[in-house]
Amino acid sequence: MTEPAFIHDSANEAHSNKAKGPRVRPAPVIAVDGPAASGKGTIARALARRFDLPHMDTGMLYRAVALNLWRWGGDPAHEFEALKACDVAAVDPEDPELRSEVVGGIASRVSAYPAVRAALLDRQREFAAQPGGAVLDGRDIGTVICPDADAKLYVTASAEVRAERRLGELAARGMKVHLDDVLIDIKARDERDAGREVAPLAKAEDADLLDTSAMSVEEAVAAAILLVEKRLAKI
Ligand code: DC
């Protein structure tokens, strides 16, 4: 299956263009998990740049399924309809709706279906298995997709801090929403993502915990790089 463009970022291009010389260490797989708006995406992209690795934002796969379903008028309450929406080849990776709260909420609902998770599994595992290594971020990367990852981070922050951050992101995109509504949404998503039966959001036992509640973006990125460097020094 052709890889949809929306799961790659610029680190990918840098990666594919680099000279293929002998590597001192095997190319690493880095797993980054955490709840909504924890900053895991920013951290995963920074890690991809720092270690020159391709990056997959696995949440975008679930968001693409959700957007498909929403546009077709499908019902997220029906697993079969959600499964039909798993062919995401036609989803425009630049569609601004992919990052909307509505689509995020539907993604959280459809991602609880075993059939939907199974339909997206191979694509994520293949991405992680490429010879040059990879960074993947999501909810179940360290626990299910890449249990043998060389470095695992579980990025979190308090629900209040995450709601503030999400509010800032939405405001930057010109969306006017209330903090209370964002907080309610974040808590509902936490509950769904962590409470589902299949591949719930959870910290892998061997993951490093990074609580970014009191950190700036720069501090969080620096802390993440340090933790990963320590792990990679051991491989
Ligand atoms: O990271 P995000 O907010 O873009 O993810 C949207 C939803 O997708 C999230 O609420 C749960 C689901 N998801 C998942 O179940 N497993 C992943 N690996 C990534 C995302």
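This is a predicted model, so every value here is computed, not measured. Read the numbers this way: they start at 1 and go in the same order the structure lists the ligands and their atoms.
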Would you confirm whether Thr212, through its side chain, and Met215, through its main-chain N or O, come within 3.5 Å as a donor-acceptor pair? no
Does ligand 1 have an atom under 4.0 Å from some heavy atom of Arg117? yes
Presence of salt bridge, Arg71 and Asp95, under 4.0 angstrom: yes
Is the contact between Ala36 and ligand 1 made by the side chain, the backbone, both, or neither, using heavy atoms and a 4.0 Å cut-off? neither
Just need the protein heavy atom nearest to atom 19 (C) of ligand 1, so name the residue and atom and give the distance. Thr58 OG1, 3.4 Å
N/O of Arg189 under 3.5 Å from N/O of ligand 1, yes or no? yes
Please check if atom CD in Glu160 has more than 12 non-hydrogen atoms from other residues, nucleotides or ligands closer than 6.0 Å. yes
N/O separation below 3.5 Å, Arg139 to ligand 1: yes
Please tell me if the side chains of Lys152 and Cys146 come closer than 4.5 Å, counting only heavy atoms from C-beta onward. no
Who gets closest to atom 20 (C) of ligand 1 by heavy atom: Gly105, Gly41, Gly59? Gly59
Which segment of Arg63 sits under 4.0 Å of ligand 1 when only heavy atoms are counted: side chain
I need the single residue from Leu226, Thr156, Ile43 that forms a side chain to side chain contact (heavy atoms under 4.5 Å, CB included) with Leu210. Which is it? Ile43
Which residue in the set Lys203, Lys230, Arg231 passes side chain to side chain donor-acceptor pair (under 3.5 Å) when paired with Asp208? Arg231
Is it the case that the side chain of Arg63 and the backbone of Ala107 share a donor-acceptor pair, with hydrogens and angles ignored and the cut-off at 3.5 Å? no
Min heavy-atom dist Arg196 to ligand 1 below 4.0 Å: yes
Which residue supplies the protein heavy atom nearest to atom 8 (O) of ligand 1, what is that atom called, and how far is it? Tyr62 CB, 3.4 Å
Can you tell me if Asp185 uses its side chain to pair, donor with acceptor, with the backbone of Gly105 under 3.5 Å? no
Just to be sure I'm reading this right: ignoring hydrogens, which of Ile141, Asp140, Thr143, Asp190 gets closest to atom 18 (N) of ligand 1? Compare them by their nearest heavy atoms. Asp140
Please could you name the atoms of ligand 1 that Ser111 approaches to less than 4.0 Å, counting only its heavy atoms? 11 (C), 12 (C), 15 (O)
Backbone or side chain, does any N or O of Lys40 fall under 3.5 Å from an N or O of ligand 1? yes
Close N or O approach (Gln124, ligand 1; < 3.5 Å): no
Protein heavy atom at shortest distance from atom 11 (C) of ligand 1: Asp193 OD1, 3.5 Å
Which residues share a side-chain contact (heavy atoms from CB on, under 4.5 Å) with Asp33, sequence neighbours left out: Ile141, Tyr154
Exam field: side chain Tyr113 to backbone Ala77, donor-acceptor pair closer than 3.5 Å: yes
What residue and atom, counting heavy atoms only, is the protein's closest point to atom 7 (C) of ligand 1, and at what distance? Ala107 CB, 3.7 Å
